[in-house]
Structure formats: C-alpha cells, structure tokens
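A quick write-up on the structure given underneath.
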Amino acid sequence: MKSQEEKPIAQASFFDALIPISVLICLLGAAVYLFGDSSSSGPNQIALLFATFTAALIGLKNGYTWKKLEQAMIEGITLSLGAILILLMVGALIGTWLLSGTVPTLIYYGLQVINPSWFYAASCLICGIVAMSIGSSWTTAATIGVALLGVATGLGLEQTVTAGAVISGAYFGDKLSPLSETTNLAPAVVGADLFEHIHHMLWTTVPSFIIALVIFIFMGFNATASSEAGRIDEITRILEQNFNIGLEMLVPLIVLLVLAIRKMPAFPAISIGAVIGAVWAMIFQSDLIANQIDGSQGQLVGYFKLVWTTFFDGFSILTGDEKMDSLLSGGGMSGMLTTTWLIMTALMFGAIMEKTGLLDIFVKSILKIAKSTGSLITATIATCIGTNVIAADQYIAIVVPGRMFKEEYEKRGLKPVNLSRTLEDGGTITSPLIPWNTCGAYMQSVLLINPFDYALYAFFNLINPFLAVVYAYLGIKILRIKPKQQA
C-alpha cells in the first residue's frame with residue numbers, strides 16, 4: 001500500500017490556478033473597501049492568509065502533502081528574512097536620525113535651497129543620483145525620501161506627488177546601479193553579462209526617466225506654493241527651537257552613503273548609521289533629550305533609556321504644531337512589525353502558488369498566444385507584473401518569469417539581455433506600486449503614504465514598462481543571437 005508521500009501529483013488545471021487568485025482579488029478589494037488606507041495594517045494580511053489556505057487546499061487535492069506545502073511556505077518566508085532584518089533596522093535608523101537632528105537638518109536646508117517650481121523634478125533627480133551611487137531604493141527612500149517629504153510639507157506641495165518623485169528617482173537609480181541586488185539578479189537568472197545588461201537597459205530606462213522629469217518639471221511650474229512663505233518661516237523657527245541645526249548633523253547620512261558606496265551589505269551599513277545617529281543625538285541634542293527624559297532615575301540613565309527606546313519605539317516630539325509633531329515623530333522597529341507581517345504572508349502565498357505549479361499555469365497559457373517578439377516581451381512584462389501582484393515580491397517576479405521564459409527566448413533567437421532587461425522593466429520597477437508587495441509595503445511604512453495614492457505619480461515606474469512594449473513591437477534595440485551562437 002502506497003504511503004501519502006508516494007501519492008502521485010496531479011497536474012494543476014487553469015481553473016485550479018484561477019481559484020486562489022480570485023479569492024485574493026476579492027478579499028483584497030473588500031479590504032480596501034472596508035478599511036481604506038488602513039487595509040495594510042492587518043486586513044490585507046488576512047486576505048493573503050485565506051488565499052494561501054485556498055491554494056494549499058488545491059495543492060492537497062492534487063496530491064501534495066501538507067508537509068511539502070508547509071516546507072514551501074517556510075522556505076518562502078526564509079527568502080524574506082534578509083529584507084525583514086533591513087526593514088527593522090531602517091525603523092531604528094529613522095528614529096535615531098530624527099532624535100539626532102539629521103532628518104530635521106535635511107528638512108531645514110532643503111527649505112532654504114529648493115525652489116517650489118522645480119522641487120518635484122529635483123526630488124526625483126536627487127533620489128536617482130543617490131540610489132545609483134548606493135544601489136538601494138530602500139535606503140534612498142528611508143533617508144533622502146523622508147527628508148524630501150518634510151520639505152514638501154514646508155513648501156505646501158503635494159505629498160503624494162513628492163512620494164511619486166521619490167519612488168521614480170529611487171527605482172531609476174537602483175535599476176541602473178551595478179551595486180543593486182535586482183540589477184545583479186536579473187542577468188544572473190538568464191545567463192547574461194551584468195554590464196551588457198545595464199547597457200541594454202539604458203535604451204528603455206533613460207528615455208522613461210527623462211519623460212518623467214519633464215512631467216515633474218511641468219507639474220512644479222503649475223504648483224502653488226507662494227502662499228506658504230510664512231509657513232516656511234514658521235517651520236524653520238520650530239526646527240531651530242527644538243533641534244541644534246548644523247552641517248555636522250549630516251555626518252550619519254554621509255557615513256551611511258560612504259559605507260553603501262564601498263559595498264558594505266545593507267544590514268550592517270544601516271545598523272552603523274542608526275548607532276551613529278544615536279551617538280550624535282547624545283552629543284549634539286542634549287537639550288532636546290533633557291526635555292524628553294524622566295529624571296527620576298538620574299540623568300545618565302534617562303539619556304540611555306530614551307535612546308534605547310528610540311531604537312525600538314521611535315522618536316516623538318511635541319512642538320505645539322500638530323503637523324510638525326507628525327512630521328518629526330516616527331521610526332522605531334515596532335513601527336515596522338505590521339510591514340513584516342505583510343511581507344511574510346505575501347511570500348507564503350507566493351511560495352504555495354509556485355510550489356503547486358499554479359503560477360506556471362498562467363505562463364503556459366500566455367505563451368500560447370505570444371507568437372511574435374513583441375507579444376512575447378509584452379507577455380513577459382505582464383507576467384512580471386502579475387507575479388508582483390500574486391507572489392508579492394520583486395525577487396520572485398524576476399526569478400520565476402526568468403526561469404519560465406528563458407528557454408522560449410533562446411528558441412526564438414533572442415539574446416539573454418532582452419529577457420534580463422524585460423524582467424527589470426516589468427518586475428523591478430512595478431513592485432513598489434502594489435501595497436501588499438514587499439516593496440510597496442516597505443515604501444508605505446517609510447513614506448507613510450499608501451502606494452495606491454502615489455502610484456499615479458510614480459511616472460518613471462509607469463512609463464518604463466509601456467515604453468518597453470513599444471520598443472518590442474517596433475523592434476527597437478531587440479538583439480538577436482547570431483547563427484553561430486544557436487548551437
């Protein structure tokens with residue numbers, strides 16, 4: 001008699017694949033309808049869990065054992081542990097950088113030098129340069145992005161548009177940086193050279209970024225911020241009254257950027273940045289800390305306790321101005337726990353969908369209608385976006401479609417860089433636009449704006465996939481394998 005382990009695995013049907021996707025879409029839609037902007041604080045996670053259980057039931061029906069499905073979920077969560085460690089430490093970094101005056105100083109000087117007319121474009125360009133230098137959209141958003149949102153508040157400009165500019169610049173720089181994990185992952189999956197991959201991406205990425213900059217420039221010239229001049233003076237005064245402001249407060253940021261450029265891994269680099277922020281707070285913000293601490297246990301103990309609290313619970317300040325209190329308070333590892341929960345449930349669902357072959361069903365169905373090169377590249381982009389929605393992680397959205405389409409690209413005589421570029425055009429840059437995706441969840445936790453709200457203004461992320469499809473159908477920069485390479 002055959003044991004449960006030896007039970008044959010039945011091939012999943014298209015209807016099988018459609019069931020958990022339908023459950024997920026319905027539940028996510030209900031979560032947004034019922035809970036609005038707070039849907040990512042628990043409702044989306046429950047939706048992902050129910051969709052995961054639905055996919056698991058289909059897997060059990062087709063012959064998979066619960067042990068194998070559970071192992072797949074555990075492995076899926078394991079993939080996210082590196083990101084979760086970074087996420088938690090980013091929370092600590094934001095907290096200590098608020099306390100140290102690093103973020104307030106960035107806001108202060110930003111208000112002095114950035115003109116409202118070109119603020120959106122400048123934000124996009126600055127984030128692009130920083131992200132290209134350090135290879136991390138996440139670090140860029142958590143540092144420069146947070147400060148730019150503060151500047152936008154002072155200038156009376158739209159937070160959602162600013163967030164779109166930050167996302168556009170951060171993902172442009174990340175996409176083209178040889179230090180970026182995704183930029184290295186995409187060519188590795190398909191067997192392409194890293195620098196040939198980056199060079200090939202320039203053709204779709206740079207024009208998309210230029211178009212986005214032009215749109216941001218146009219929006220900046222049409223933005224109304226002149227009435228906020230008095231507000232800028234008020235914000236400047238509040239910052240000066242509550243923090244010691246000076247260029248020396250930017251040392252934690254400079255150290256972090258140098259470590260990132262020198263290719264130190266993100267987790268230790270961000271950890272060092274957070275610790276330096278704490279040290280800087282004790283050295284330069286002693287008056288602020290003195291006003292915050294409980295002196296009943298002694299001043300030294302009070303200092304230590306406040307800084308310790310900032311690591312895990314963030315920083316909070318009362319300035320007498322409600323908007324400034326919100327702007328200058330936040331961070332802490334505890335503030336990232338909801339996002340951590342979302343990432344774990346999202347990757348559980350993606351892992352079950354891949355393990356049971358349900359993702360593969362959609363790809364095979366797509367290939368049946370993708371006859372031309374244009375339709376094949378379009379199908380790849382659509383699959384990457386769909387995987388970002390379903391599997392909820394940009395790494396899965398690169399690896400899974402890359403593995404599935406690699407053989408088809410070779411059969412059609414297309415160089416591997418065509419596929420690696422397409423994986424980035426469809427997978428990397430659409431990930432922050434989806435609230436339950438690991439990148440979207442992260443950006444919301446850092447920028448405090450729902451991806452559904454800033455997505456319409458993340459022009460680079462919207463234009464790039466569309467331009468890639470246009471290139472594909474027009475045959476622009478589609479590289480072929482020479483006959484002698486088609487062994």
W436: ring-ring contact (aromatic ring centres under 6.0 Å, His included) partners, not counting sequence neighbours: none
Quick one: ring-ring contact (aromatic ring centres under 6.0 Å, His included) partners of F349, sequence neighbours excluded? none
For atom [atom1] of [X], is the number of surrounding heavy atoms from other residues, nucleotides or ligands below 6.0 Å larger than 12?
{"X": "F466", "atom1": "CZ", "result": "no"}
{"X": "Q159", "atom1": "CD", "result": "yes"}
{"X": "Y442", "atom1": "OH", "result": "yes"}
{"X": "F312", "atom1": "CZ", "result": "yes"}

Main chain of [Y], side chain of [X]: is a donor-acceptor contact present, judged purely on distance under 3.5 Å?
{"X": "Y120", "Y": "E158", "answer": "yes"}
{"X": "E408", "Y": "F405", "answer": "no"}
{"X": "T102", "Y": "L98", "answer": "no"}
{"X": "D453", "Y": "T160", "answer": "no"}
{"X": "N461", "Y": "I429", "answer": "yes"}
{"X": "S137", "Y": "A170", "answer": "no"}
{"X": "T139", "Y": "S136", "answer": "no"}
{"X": "D174", "Y": "Y171", "answer": "no"}
{"X": "S123", "Y": "V166", "answer": "no"}
{"X": "W97", "Y": "G331", "answer": "no"}

Evaluate the criterion side chain to side chain contact (heavy atoms under 4.5 Å, CB included) for residue pair I478 and K415; output intermediate values, then yes/no. CA-CA 8 Å; I478 304 299; K415 286 195 73 171; over 6 Å; no
Test W203 against Y471 for ring pair (Phe, Tyr, Trp, His ring centres under 6.0 Å), laying out the working first. CA-CA 9 Å; W203 293 97; Y471 274 38; 7.8 Å; no
Interatomic distance, [X] atom [atom1] to [Y] atom [atom2] [nearest 0.5 angstrom]:
{"X": "L57", "Y": "I352", "atom1": "CG", "atom2": "CD1", "value": "10.0 Å"}
{"X": "C439", "Y": "Q394", "atom1": "SG", "atom2": "CD", "value": "3.5 Å"}
{"X": "I377", "Y": "L419", "atom1": "CD1", "atom2": "CG", "value": "9.0 Å"}
{"X": "L423", "Y": "I381", "atom1": "CG", "atom2": "CD1", "value": "9.5 Å"}
{"X": "Q11", "Y": "D16", "atom1": "CD", "atom2": "CG", "value": "10.0 Å"}
{"X": "L185", "Y": "T428", "atom1": "CG", "atom2": "OG1", "value": "8.0 Å"}

Before giving the answer on side chain to side chain contact (heavy atoms under 4.5 Å, CB included), spell out for N62 and T356 the whole-Å C-alpha distance, their side-chain angles and the decisive distance to 0.1 Å. CA-CA 8 Å; N62 290 337; T356 55; 6.0 Å; no
For [X] against [Y], the heavy-atom pair lying closest together:
{"X": "T52", "Y": "T345", "value": "OG1-O, 4.1 Å"}
{"X": "G426", "Y": "I385", "value": "O-CG1, 3.5 Å"}
{"X": "I449", "Y": "A163", "value": "CD1-CB, 3.7 Å"}
{"X": "I398", "Y": "A186", "value": "CG2-CA, 3.8 Å"}
{"X": "A152", "Y": "T162", "value": "CB-OG1, 3.3 Å"}
{"X": "A17", "Y": "L358", "value": "CB-O, 3.6 Å"}

Just do the side chain to side chain donor-acceptor pair (under 3.5 Å) check on T373 and R480 with the steps written out, would you? CA-CA 11 Å; T373 297; R480 303 279 176 178; 3.3 Å; yes
Would you say [X] and [Y] make side-chain contact, with heavy atoms under 4.5 Å?
{"X": "L256", "Y": "I272", "answer": "no"}
{"X": "I46", "Y": "F50", "answer": "yes"}
{"X": "L148", "Y": "C127", "answer": "yes"}
{"X": "V103", "Y": "V146", "answer": "yes"}
{"X": "I58", "Y": "P20", "answer": "yes"}
{"X": "E424", "Y": "T205", "answer": "no"}
{"X": "M333", "Y": "L337", "answer": "no"}
{"X": "Y454", "Y": "Q444", "answer": "no"}

Would you sort out whether T143 and L257 count as a side chain to side chain contact (heavy atoms under 4.5 Å, CB included), showing the intermediate values? CA-CA 10 Å; T143 54; L257 294 179; 5.7 Å; no
Evaluate the salt bridge (charged side-chain N to carboxylate O under 4.0 Å, His left out) criterion for residues K355 and E75: first the C-alpha distance (whole Å), next the side-chain angles of each, then the deciding distance (0.1 Å), finally the verdict. CA-CA 11 Å; K355 177 66 176 179; E75 290 175 358; over 6 Å; no
side-chain hydrogen bond (donor to acceptor under 3.5 Å, both in side chains): pairs with one or both residues in residues 377-392, sequence neighbours excluded: T380-Y409, N388-T430, N388-N437
Might you work through the side chain to side chain donor-acceptor pair (under 3.5 Å) test for K175 and N464, ending with a clear yes or no? CA-CA 11 Å; K175 189 170 183 250; N464 197 169; 2.9 Å; yes
ring-ring contact (aromatic ring centres under 6.0 Å, His included) partner of F172, chosen from F216, F459, F209: F209
Evaluate the criterion side chain to side chain donor-acceptor pair (under 3.5 Å) for residue pair H197 and N184; output intermediate values, then yes/no. CA-CA 9 Å; H197 164 68; N184 282 272; over 6 Å; no
Which is it for L60 and Y64 under the side chain to side chain contact (heavy atoms under 4.5 Å, CB included) test, yes or no, and what are the steps along the way? CA-CA 5 Å; L60 291 171; Y64 288 92; 5.5 Å; no
